[in-house]
Number of protein chains: 2
Amino acid sequence: MELRHLRCFLAVAEELHFARAAERLHIEQSPLSRAIKELEEDLGVRLFIRNSRSTRLSRAGQVFKESVPRICTALQQAREGADLSACRRRKQTR
Amino acid sequence: MELRHLRCFLAVAEELHFARAAERLHIEQSPLSRAIKELEEDLGVRLFIRNSRSTRLSRAGQVFKESVPRICTALQQAREGADLSACRRRKQTR
DNA sequence: CATAATTACGTTCGTCGTAACCATA
DNA sequence: TATGGTTACGACGAACGTAATTATG
């Protein structure tokens, strides 16, 4: 799994539409479709139920969607924490 | 930032030695060095203080290291949550 | 001068986009 | 038959490994 997969998942989970999600991500539908497929294979679980007229979250997809924000928050906190302590250090240093 | 970068960071942060960390990751020292550099550039912060004889965490690196486990936990929970609900669904379905 | 990290360089693999394809309402 | 998702395929960029380089204790 890579963060790219999570970004793709989130877009599709929110749009429930591959074409719109792809547009939002500034990529084409084809790599998006593949990314979701890769993620599903990695997890061993189908995240979306899609027939050729509609896309909706599977049960597993719903649960997964709920946990993604926690990952994003953790990532952001890591970023900010590092940045903040570097700023403080820069202050101390001069 | 990609998860690859976090895996690399964690290995170096724990080993405090690029060669050992690389070995542990089953990659060479060279891509590892680059990955750390990329991460540092992405964060805009130096994570390790390294001269050619030793490697140690910077202040920002220490803070970052503390936040990485939270990310890993969140990722694992997402994985398990999806997997679990898929199992439950399979049970229900039959 | 030995050890540890980085840079140079060519190769390989992954990801992309275009286009053809398949499925269903 | 129009719409929406997937598969095929060639091109490009990112990541790798080997080897040369730099730096310092």
Side-chain angles (χ1 to χ4, degrees), chain A residues 1-62 64-65 68 71 75 79 82 86, chain B residues 1-62 64-65 68 71 75 79 82 86:
Chain A
M1 196 199 303
E2 285 299 332
L3 294 184
R4 182 175 66 88
H5 295 112
L6 297 187
R7 293 188 273 267
C8 290
F9 170 80
L10 208 55
V12 178
E14 285 175 7
E15 299 289 344
L16 294 180
H17 192 280
F18 277 73
R20 279 197 299 273
E23 195 175 359
R24 179 170 140 185
L25 293 166
H26 305 291
I27 62 173
E28 297 303 312
Q29 211 167 320
S30 141
L32 175 58
S33 171
R34 277 187 306 247
I36 297 296
K37 190 183 178 187
E38 286 162 15
L39 180 57
E40 290 177 325
E41 279 169 1
D42 176 38
L43 296 173
V45 155
R46 201 134 194 86
L47 295 169
F48 296 100
I49 314 287
R50 53 249 204 221
N51 54 26
S52 49
R53 295 299 285 179
S54 76
T55 299
R56 65 176 211 276
L57 284 160
S58 71
R59 178 161 189 69
Q62 289 172 28
F64 193 72
K65 184 187 175 188
V68 170
I71 301 170
L75 282 164
R79 232 177 231 292
Chain B
M1 195 200 303
E2 286 299 331
L3 295 183
R4 183 176 66 90
H5 296 114
L6 296 186
R7 293 183 209 110
C8 290
F9 169 80
L10 208 56
V12 178
E14 286 176 6
E15 298 289 345
L16 293 180
H17 192 281
F18 277 74
R20 279 197 298 272
E23 195 174 0
R24 179 170 138 184
L25 293 165
H26 306 291
I27 63 173
E28 297 304 312
Q29 211 167 321
S30 142
L32 175 58
S33 171
R34 278 187 305 248
I36 297 296
K37 190 182 178 187
E38 287 161 14
L39 180 58
E40 289 177 326
E41 281 169 359
D42 177 38
L43 296 173
V45 154
R46 201 135 194 84
L47 295 168
F48 296 99
I49 314 287
R50 55 250 204 219
N51 54 25
S52 49
R53 295 300 285 178
S54 75
T55 299
R56 65 176 210 278
L57 284 161
S58 71
R59 178 161 190 68
Q62 289 171 28
F64 194 72
K65 184 186 173 187
V68 170
I71 301 170
L75 282 165
R79 232 178 231 294

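Quick note: numbers below take in every heavy atom, side chains included, and nothing from hydrogens, waters or symmetry partners. By convention in this document, chain letters (A, B, ...) are assigned in the order of the sequence lines, proteins followed by strands, and residues within each chain are numbered from 1.
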| query | Is any side-chain nitrogen or oxygen of B/Asn51 closer than 4.0 Å to OP1 or OP2 of D/dG25? | reply | yes

| said: If I compare all heavy atoms of A/Met1 with all of B/Leu75, which pair ends up nearest, and what's the gap? | reply: SD-CD2, 4.0 Å

| message | Please report the distance, rounded to the nearest Å, between CD in A/Glu2 and P in C/dC13. | response | 18 Å

| query | Which atom names give the shortest non-hydrogen contact between A/Cys8 and A/Leu32, and what distance separates them? | reply | CB-CD1, 3.5 Å

| message | Taking atom types as they are modelled, would you say the side chain of B/Arg53 forms a donor-acceptor pair with the base of C/dT3 within the 3.5 Å cutoff? | response | yes

| A/His5 or B/Gln29, whichever maps to the more 5' nucleotide of DNA chain C | B/Gln29

| remark: One should read off an interatomic distance between A/Ile36 CD1 and A/Glu40 CD, to the nearest 0.5 angstrom, of 7.0 Å

| field | Nearest to side-chain heavy atoms of B/Ser30, which nucleotide of C/dC16, D/dA23, D/dT18 | value | D/dT18

| task | Check every strand shown and say whether A/Leu32 touches a base, only sugar-phosphate, or nothing at a heavy-atom separation below 4.0 Å. | result | nothing

| query | Of the nucleotides D/dG5, D/dC16, C/dT18, which has the atom closest to the A/Thr55 side chain? | reply | D/dG5

| Between C/dC16 (C1') and A/Arg34 (CZ): distance, integer Å | 7 Å

| field | Any A/Lys37 side-chain nitrogen or oxygen under 4.0 Å from OP1 or OP2 of D/dG5 | value | no

| field | Separation of atom CZ in A/Arg56 from atom C1' in D/dG4, rounded to whole Å | value | 16 Å

| task | Specify whether A/Phe9 and A/Phe48 have parallel, tilted or perpendicular ring planes, treating 30° as the upper limit for parallel and 60° as the lower limit for perpendicular. | result | tilted

| Between the side-chain atoms of B/Ser52 and the base atoms of D/dA23, is any donor-acceptor pair under 3.5 Å? | yes

| task | Grab the CD-C1' distance between A/Glu28 and D/dA8 for me, whole Å please. | result | 16 Å

| task | Find the distance B/Arg7:CZ to D/dA15:P and express it as a whole number of Å. | result | 12 Å

| request: Report the distance from atom CG of B/Leu3 to atom P of D/dA15, rounded to the nearest whole Å. | output: 13 Å

| OP1, OP2 of C/dT6 versus side-chain N and O of B/Ser33: anything below 4.0 Å? | yes

| remark: To the nearest angstrom, the CD-P distance between A/Glu23 and C/dG17 comes to 13 Å

| said: Quick check on B/Glu23: does its CD atom have over 12 non-hydrogen neighbours (other residues, nucleotides or ligands) under 6.0 Å away? | reply: no

| request: Looking at every strand, decide which applies to A/Arg4 at a 4.0 Å heavy-atom threshold: base, sugar-phosphate, or nothing. | output: sugar-phosphate

| How would you label the contact of B/Arg50 with the nucleic acid (heavy atoms, under 4.0 Å): base, sugar-phosphate, or nothing? | sugar-phosphate

| remark: Atom CD of A/Glu15 and atom C1' of D/dT3 are separated, to the nearest Å, by 17 Å

